Q: 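Please read through the structure below; I'll follow up with questions.
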Amino acid sequence: MIGAEREVDVVVVGGGPAGSAAAISCAASGLSVLLLERAAFPRDCPGESLHPGVEPLFAQLGVGEAIHAARFVRYPGFWVEWDGPSQFVPFGQDAKGPWLGFQAWRAELDALLLERARAVGVEVLQPRRALHPLRGERGEVVGVETDEGPLQARVVIDAAGGTHWLARALDIPRLKASPNLVATYGYVVDDGSPEGEAPRIVADDEGWTWTARVRPGVRQWTRLTLDGRPVPDGWLPPELRACEPLGRRRGADVTWRRVESPAGPGYLMVGDAAAVLDPASSHGVLKALMSGMMAGHAVVRASAGSLPWSVALAGYSDWVRRWFEHDAAQLRERYRRFPRWEAPDPT
């Protein structure tokens, strides 16, 4: 039960990859951690093609063996048709053979990470909603008001996604770096064609389309157009129009943006809560895991007294800004091929 007398070192709001990574990193170092997740699992999230470079992060978080046991679809590279003919881009190889990425089924990935959090001592309350942050006399965050009462904490980590729950509550500006962008995604029954063996991204004058086999018998498509609107009902990529749709399509706001101050007195923001780029950046889950681990590392060091809180929080904020600006610059250059592309300068 939650009550006014309850206090922990860290409250994490959100049980996706960023939240679980932050919770695991803090709890594994001996901090008391409580994670609030509003949705019951499994929950639907778009799948993602993960670069082989994610494997060391999975190992550090203690889920490497579980990830391999899950038997996610593996692939040695991806097809790109952007400024010219379609070409296969391999990840590379070494003496052991080709490097293989993961096609992560997000419902399963999220559940594996959250189970690991429980295993290292994180208390998971699910479903449980965070309503608003609790503030101290100087305006610092000192906990969270939940749908079952207040919870005191030395640090609150917002991992609740691109709605920017905590930034809105604290009135922290979100800096926009692109036109309004919406990604629409859906699933079809896999026809087993060889074209589905590796993810494929195809650009045209209106935007781009990504397709991938996300699990045996299922292919996912994602479509982003530069007019900022979802695709029309019934739309499917040309190569999937003979396939049977599965479930309903969904959309996500993927306008590029970052929170001006993703860390401050009593709080940090991770994953999409800190910054959002559209899926063409190709490593949303990778950045979610990295940001969660970086935030956890900052909290652990400051809690142990090996680094002043002000330095730890400023260092994390600077890291978020630098990786966002780096990736946004790469995407901006890639998007120059679109006749209608006009991106605001990042502020």
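The model shown is predicted, which means the values in this text are computed figures rather than measured ones.
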Q: From Leu57 CG over to Leu289 CG, what is the distance, rounded to the nearest 0.5 angstrom?
A: 6.0 Å

Q: Do Tyr75 and Val54 land in one hydrophobic cluster if side-chain heavy atoms of ILVMFWY residues count as linked below 4.5 Å?
A: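 Shared cluster, yes.
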
Q: Could you tell me if the ring centre of Tyr187 sits under 6.0 Å from that of Trp105?
A: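 Centroid separation for Tyr187 and Trp105: below 6.0 Å.
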
Q: For Thr163, does its backbone N or O pair with a side-chain atom of Arg168 as donor and acceptor, under 3.5 Å?
A: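 Side chain of Arg168 to backbone of Thr163: a pair is present.
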
Q: Please confirm whether His51 and Phe78 have ring centers closer than 6.0 angstrom.
A: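 For His51 and Phe78, the ring centres are not under 6.0 Å apart.
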
Q: Where the side chain of Arg334 meets the backbone of Ala280, is there a donor-acceptor pair that is under 3.5 Å apart?
A: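 Yes, Arg334 side chain to Ala280 backbone: donor-acceptor pair under 3.5 Å.
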
Q: Between Leu36 and Val144, is any pair of side-chain heavy atoms under 4.5 Å apart?
A: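 Touching, per the 4.5 Å side-chain cut-off.
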
Q: Is it true that, when you exclude Arg322 itself, more than 12 heavy atoms of the residues, nucleotides or ligands shown sit nearer than 6.0 Å to its CZ?
A: yes

Q: Taking the side chain as C-beta and beyond, is there a heavy-atom pair between Leu246 and Val218 under 4.5 Å?
A: yes

Q: Taking the side chain as every heavy atom from C-beta outward, state whether Val33 and Glu123 have any atom pair closer than 4.5 Å.
A: no

Q: What do you reckon, is CZ of Arg241 surrounded by more than 12 foreign heavy atoms closer than 6.0 Å?
A: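 More than 12 heavy atoms, drawn from other residues, nucleotides or ligands, come within 6.0 Å of this atom.
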
Q: Any donor-acceptor pair under 3.5 Å linking the side chain of Arg258 with the backbone of Leu277?
A: no

Q: Short question: side chain of Arg223, backbone of Tyr185 - any donor-acceptor pair under 3.5 Å?
A: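 Absent.
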
Q: Looking at Glu55 and Arg74, does any basic side-chain N land under 4.0 Å from a carboxylate oxygen?
A: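 Answer for the salt bridge query: yes.
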
Q: How close do Trp165 and Ala130 get, counting heavy atoms only, and between which atoms?
A: NE1-O, 3.5 Å

Q: Run the numbers on Tyr267 and Leu166 for side-chain contact (heavy atoms from CB on, under 4.5 Å), then give the verdict.
A: CA-CA 9 Å; Tyr267 76 88; Leu166 187 56; 3.7 Å; yes

Q: So, Trp221 side chain and Thr184 main chain: donor-acceptor pair closer than 3.5 Å or not?
A: no

Q: Does Arg174 use its side chain to pair, donor to acceptor, with the backbone of Ile172 at less than 3.5 Å?
A: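 Yes.
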
Q: Gly77 and Pro199: which non-hydrogen atoms are nearest, and at how many Å?
A: O-CD, 3.7 Å

Q: Answer yes or no: is there a donor N or O on one side and an acceptor on the other, between the side chain of Gln126 and the main chain of Ala39, under 3.5 Å?
A: yes

Q: Apply side-chain hydrogen bond (donor to acceptor under 3.5 Å, both in side chains) to the pair Asp158 and His164, showing each step before the final yes or no.
A: CA-CA 8 Å; Asp158 178 14; His164 307 294; over 6 Å; no

Q: Check whether any side-chain heavy atom of Val300 sits under 4.5 Å from a side-chain heavy atom of His297, and report yes or no.
A: no

Q: So do the side chains of Pro90 and Pro76 get within less than 4.5 Å of each other, counting heavy atoms only?
A: no

Q: For this output row, return yes or no: ring centroids of Trp210 and Trp79 closer than 6.0 angstrom.
A: no

Q: Any donor and acceptor pair, going by atom type alone, linking the side chain of Thr225 with main-chain N or O of Arg229 inside 3.5 Å?
A: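 At least one qualifying donor-acceptor pair exists.
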
Q: Which atom pair, heavy atoms only, marks the closest approach of Ala183 to Thr222?
A: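 Closest approach of Ala183 to Thr222, heavy atoms only: CB-CG2, 4.1 Å.
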
Q: Parallel, tilted or perpendicular: which fits the ring planes of Trp341 and Tyr335, with parallel below 30° and perpendicular above 60°?
A: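 It falls in the perpendicular class, over 60°.
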
Q: Just so I know, are the side chains of Phe91 and Leu100 near enough to count as touching, which here means a heavy-atom distance under 4.5 Å?
A: no

Q: Run Val122 and Leu34 through side-chain contact (heavy atoms from CB on, under 4.5 Å) and show every step you take.
A: CA-CA 6 Å; Val122 176; Leu34 194 150; over 6 Å; no

Q: side-chain hydrogen bond (donor to acceptor under 3.5 Å, both in side chains) for Ser32 and Asp9? Distances and angles first, verdict last.
A: CA-CA 5 Å; Ser32 59; Asp9 292 321; 3.1 Å; yes

Q: Same hydrophobic cluster for Leu125 and Leu134, using side-chain heavy-atom links shorter than 4.5 Å among ILVMFWY?
A: no

Q: Quick check for you: to the nearest 0.5 Å, what is the distance between Ile24 atom CD1 and Leu113 atom CG?
A: 5.5 Å

Q: So Asp327 and Trp256, side-chain contact (heavy atoms from CB on, under 4.5 Å) or not? Walk me through it.
A: CA-CA 10 Å; Asp327 285 9; Trp256 308 355; over 6 Å; no

Q: If you round to the nearest 0.5 Å, how far is CZ of Arg154 from OG of Ser303?
A: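 The distance works out to 4.5 Å.
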
Q: Could you walk me through whether Arg337 and Asp205 pass the salt bridge (Lys or Arg N to Asp or Glu O under 4.0 Å) test, one step at a time?
A: CA-CA 8 Å; Arg337 61 95 54 219; Asp205 286 348; 3.7 Å; yes

Q: Which heavy atom of Val276 sits nearest to which heavy atom of Gly162, and what is that distance?
A: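 Closest approach of Val276 to Gly162: CG2-CA, 4.2 Å.
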
Q: Is Asp147 paired with Arg38 through a side-chain N to carboxylate O contact shorter than 4.0 Å?
A: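 So Arg38 does not pair with Asp147 through a salt bridge.
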
Q: Would the number of heavy atoms belonging to other residues, nucleotides or ligands and lying under 6.0 Å from CZ of Arg129 be above 12?
A: no

Q: Begin with the C-alpha distance, continue with both residues' side-chain angles, and end with the deciding distance and a verdict on side-chain contact (heavy atoms from CB on, under 4.5 Å) for His68 and Phe58.
A: CA-CA 10 Å; His68 282 280; Phe58 285 147; over 6 Å; no

Q: Taking all non-hydrogen atoms of both residues into account, name the closest pair between Ser261 and Met269 and its distance.
A: O-CE, 4.1 Å

Q: Without swapping roles, check the side chain of Glu140 against the backbone of Arg138 for a donor-acceptor pair under 3.5 Å.
A: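 Yes; at least one donor-acceptor contact below 3.5 Å.
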
Q: Can you tell if the side chain of Pro17 reaches within under 4.5 Å of the side chain of Asp110, non-hydrogen atoms only?
A: yes

Q: Mind checking the CD-OG spacing from Gln103 to Ser49? Nearest 0.5 Å is all I need.
A: 3.5 Å

Q: Same cluster or not: Met290 versus Val299, using hydrophobic residues (I, L, V, M, F, W, Y) connected whenever any side-chain heavy atoms lie under 4.5 Å apart?
A: yes

Q: Do Leu224 and Leu240 sit in the same hydrophobic cluster, where Ile, Leu, Val, Met, Phe, Trp and Tyr count as joined when their side-chain heavy atoms come under 4.5 Å apart?
A: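 Different clusters: Leu224 never reaches Leu240 through Ile, Leu, Val, Met, Phe, Trp or Tyr contacts under 4.5 Å.
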
Q: Side-chain contact test, heavy atoms from C-beta onward, threshold under 4.5 Å: evaluate it for Glu108 versus Phe72 and give yes or no.
A: yes

Q: For Gly19 versus Leu35, what's the shortest heavy-atom pair and its separation?
A: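 Gly19 and Leu35 have their closest heavy atoms at O-CD1, 4.0 Å.
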
Q: Looking only at atom types and distance, does a side-chain atom of Ser291 sit under 3.5 Å from a main-chain N or O of Lys287, one as donor and one as acceptor?
A: yes

Q: How long is the straight-line distance from CZ of Arg336 back to CG of Asp83, given to the nearest 0.5 Å?
A: 12.5 Å

Q: Same cluster for Leu286 and Leu112 if Ile/Leu/Val/Met/Phe/Trp/Tyr side chains link at under 4.5 Å?
A: yes

Q: For side-chain hydrogen bond (donor to acceptor under 3.5 Å, both in side chains), just list the numbers for Arg128 and Thr146, CA-CA rounded to whole Å, side-chain angles, deciding distance to a tenth of an Å, and then say yes or no.
A: CA-CA 7 Å; Arg128 186 64 48 81; Thr146 79; 5.1 Å; no

Q: Measuring from Leu109:CG to Ile67:CD1, what's the distance to the nearest 0.5 Å?
A: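 It comes to 5.0 Å.
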
Q: I'd like to know if Arg248 pairs up with Asp233 as an ion pair, taking the criterion as any Lys NZ or Arg NE/NH1/NH2 lying under 4.0 Å from an Asp or Glu carboxylate oxygen.
A: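 A salt bridge is absent here (no side-chain N lies under 4.0 Å from a carboxylate O).
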
